[in-house]
Amino acid sequence: MSMTLEETRALAQSIRDEVGKAIVGQEETIEHLLIALISRGHVLLEGPPGTAKTFLAQCFSRATGLEFGRIQFTPDLLPGDILGSNLFNFQTSQFTLTRGPIFCDLLLADEINRTPPKTQAALLEAMQERRVTLDGETHALGDQFMVVATQNPIENQGVYPLPEAQLDRFAFKLLVPYPSLEEEARIVERFGTLSGPPSVDDFGISQVADATKIAAAQASLGHVTLAKEIVDYTVNLVRATRDNPELASGASPRAAVLLANAARARAALHGRAYVIPDDVKALATAALRHRLLLSPAAEIEGREMEDLVADLVEQTEAPR
């Protein structure tokens with residue numbers, strides 16, 4: 001079953017409206033979450049504490065009808081705490097699978113960079129293949145399985161850098177900044193009258209989608225054409241990251257695939273049956289910033305990754 005592109009666009013707008021009942025601003029972040037959901041990607045949110053990253057994920061889960069799971073990553077967290085384990089039942093003399101919190105639709109990996117790489121690696125198979133292997137037995141996760149991870153900036157104390165293999169599995173890395181003066185005033189007006197921490201129930205967020213509707217929206221991407229010129233443009237843009245002297249490490253072919261899929265999703269959310277260069281340009285920074293590594297010389301010069309990606313987009317010839 002597949003939706004029309006207009007139905008997909010309408011569904012996305014309904015989700016935006018529901019999330020907007022609680023979340024002030026962050027329109028770009030919500031837009032990228034929708035694109036990742038439709039293109040079956042994962043999202044990494046980076047920002048200082050108190051910028052509603054966790055609450056946004058909870059509101060998004062409620063509006064989309066996805067089963068929500070949360071893991072608070074800490075230095076002593078073990079892979080079994082994420083995946084689960086087989087425990088021996090003395091009454092039945094058999095091993096019984098105790099499923100971990102990863103068995104859900106939308107997994108919030110909160111402060112993912114506060115746990116060592118060994119534990120972070122427990123997510124690799126789930127994010128790439130949407131399955132988990134425990135004691136040699138494979139357990140499938142849902143087709144809509146999606147990871148929304150949050151991390152504190154690397155300058156914070158007590159954090160571990162994410163391994164490159166882990167970062168490469170995120171479709172987007174989004175920076176969640178502090179709100180503007182006007183937005184912060186609206187936040188205080190909206191939340192300042194509540195007693196205790198905010199809850200999704202406080203704002204009347206309704207479920208406007210479910211697994212069937214989301215699967216149909218994902219299938220609607222089959223109606224979106226990815227022209228050969230757009231494929232070449234995407235590939236040239238990604239390959240340019242490997243030839244730039246200011247970068248010590250460039251993006252992988254997986255980055256090009258995920259960027260192309262995300263561009264198709266963006267086109268669908270705009271009601272278009274074809275991808276245009278602006279779709280790729282609009283998503284390039286979010287899709288590439290976490291996959292690139294500045295050279296020592298660029299770091300000394302204080303180059304910002306976002307500016308460097310913008311330069312690459314400007315220098316790569318786009319189809320007309």
Side-chain angles (χ1 to χ4, degrees), residues 19 23 29 32-33 36-37 40-87 96-135 137-154 156-174 176 197-200 211 214 290:
V19 174
I23 300 298
T29 303
H32 281 78
L33 283 173
L37 176 66
R40 301 185 69 199
H42 309 288
V43 178
L44 177 63
L45 304 176
E46 179 179 288
T51 48
K53 301 184 295 296
T54 299
F55 191 52
L56 171 59
Q58 292 172 333
C59 295
F60 190 76
S61 173
R62 172 66 64 84
T64 55
L66 296 175
E67 181 187 353
F68 184 74
R70 177 179 179 178
I71 303 173
Q72 188 68 45
F73 281 74
T74 56
D76 60 348
L77 195 73
L78 298 175
D81 298 326
I82 298 173
L83 306 178
S85 58
N86 285 307
L87 300 178
T96 304
L97 173 63
T98 301
R99 296 191 170 204
I102 199 171
F103 287 90
C104 62
D105 294 325
L106 191 152
L107 176 67
L108 174 63
D110 214 2
E111 296 188 303
I112 189 173
N113 60 338
R114 289 204 179 277
T115 197
K118 174 184 177 181
T119 303
Q120 295 173 14
L123 292 174
L124 292 179
E125 182 183 17
M127 293 176 68
Q128 182 66 25
E129 302 172 41
R130 286 176 169 78
R131 68 182 190 185
V132 168
T133 301
L134 287 170
D135 294 340
E137 186 175 352
T138 300
H139 305 273
L141 299 171
D143 289 337
Q144 275 75 49
F145 177 74
M146 176 182 181
V147 174
V148 177
T150 72
Q151 71 171 16
N152 296 310
I154 199 66
N156 285 26
Q157 293 184 347
V159 298
Y160 300 83
L162 295 182
E164 290 181 12
Q166 181 84 61
L167 287 170
D168 202 37
R169 281 164 171 77
F170 286 102
F172 300 134
K173 177 184 175 182
L174 307 175
V176 183
S199 166
V200 176
I214 291 172
H290 55 298

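These figures come from a predicted structure and were not determined experimentally.
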**Student:** At their closest point, which heavy atom of K118 faces which heavy atom of P79, and how far apart are they?
**Tutor:** O-CG, 4.0 Å

**Student:** Considering only heavy atoms from C-beta outward, does the side chain of D143 approach that of R40 to under 4.5 Å?
**Tutor:**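 Side-chain contact under 4.5 Å: yes.
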
**Student:** Can you tell me how far CG of L141 sits from CG of D105, rounded to the nearest 0.5 angstrom?
**Tutor:**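 Answer for the CG-CG pair, D105 versus L141, is 9.5 Å.
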
**Student:** Nearest heavy-atom pair of V176 and P48: which atoms, and what distance?
**Tutor:** O-CD, 3.6 Å

**Student:** So how far is it from R114 CZ to T119 OG1, rounded to the nearest 0.5 Å?
**Tutor:** 15.0 Å

**Student:** Shortest non-hydrogen contact from I71 to P101?
**Tutor:**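 Of all heavy-atom pairs spanning I71 and P101, the closest is CG1-CG, 3.5 Å.
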
**Student:** Would you confirm whether Q120, through its side chain, and N113, through its main-chain N or O, come within 3.5 Å as a donor-acceptor pair?
**Tutor:**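 No.
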
**Student:** Does Q72, at its CD atom, have more than 12 non-hydrogen atoms belonging to other residues, nucleotides or ligands within less than 6.0 Å?
**Tutor:**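 Above 12, so yes.
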
**Student:** Of the non-hydrogen atoms in P116 and P75, which two are nearest, and what is the gap between them?
**Tutor:** CD-O, 3.5 Å

**Student:** Rounded at 0.5 Å granularity, tell me how far CG in L162 sits from CZ in R169.
**Tutor:**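 Atom-to-atom, L162:CG and R169:CZ are 12.5 Å apart.
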
**Student:** Is the side chain of K53 donor-acceptor paired with the backbone N or O of G47 at a distance under 3.5 Å, no angle test?
**Tutor:**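 Flag set: sc K53 to bb G47 pair under 3.5 Å.
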
**Student:** Please find the pair of heavy atoms, one from G41 and one from A171, that lie closest to each other, and give the distance.
**Tutor:**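 Result for this residue pair: CA-CB, 4.1 Å.
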
**Student:** Any non-hydrogen side-chain atom of L123 less than 4.5 Å from a side-chain atom of L107?
**Tutor:**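 In short, these two side chains touch, coming nearer than 4.5 Å.
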
**Student:** Roughly how far, to the nearest 0.5 Å, is CG of D81 from OG1 of T74?
**Tutor:**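 Here the rounded value is 7.5 Å.
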
**Student:** Looking at side-chain heavy atoms only, is the closest gap between F145 and H42 below 4.5 Å?
**Tutor:**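 Yes, side chains in contact.
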
**Student:** So do F73 and I82 actually touch side chain to side chain, heavy atoms under 4.5 Å?
**Tutor:** yes

**Student:** Find out whether F170 and M127 are in side-chain contact, i.e. whether some heavy atom of one side chain is under 4.5 Å from a heavy atom of the other.
**Tutor:** yes

**Student:** So, taking the atom named NZ in K173 and the one named NE2 in H32, what distance separates them when rounded to the nearest 0.5 Å?
**Tutor:**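 Output value for this atom pair is 13.5 Å.
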
**Student:** Of the non-hydrogen atoms in F55 and S199, which two are nearest, and what is the gap between them?
**Tutor:** CE1-C, 3.8 Å

**Student:** Please check: side-chain N/O of T150 versus main-chain N/O of E111, any donor-acceptor pairing under 3.5 Å?
**Tutor:**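 Pair found, side chain donor or acceptor close to backbone of E111.
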
**Student:** State, yes or no, whether a side-chain contact exists between R70 and T54 at a heavy-atom distance under 4.5 Å.
**Tutor:** yes

**Student:** Got L56 and L33 here, is their nearest side-chain heavy-atom distance under 4.5 Å?
**Tutor:**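 In contact.
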
**Student:** Please examine the side chains of F60 and I23, heavy atoms only from C-beta on, and report whether any two atoms are closer than 4.5 Å.
**Tutor:** no

**Student:** Measuring from atom CG of L44 to atom NE2 of H290, what distance do you get when rounded to the nearest 0.5 angstrom?
**Tutor:**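 Going from CG on L44 over to NE2 on H290, the span is 7.0 Å.
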
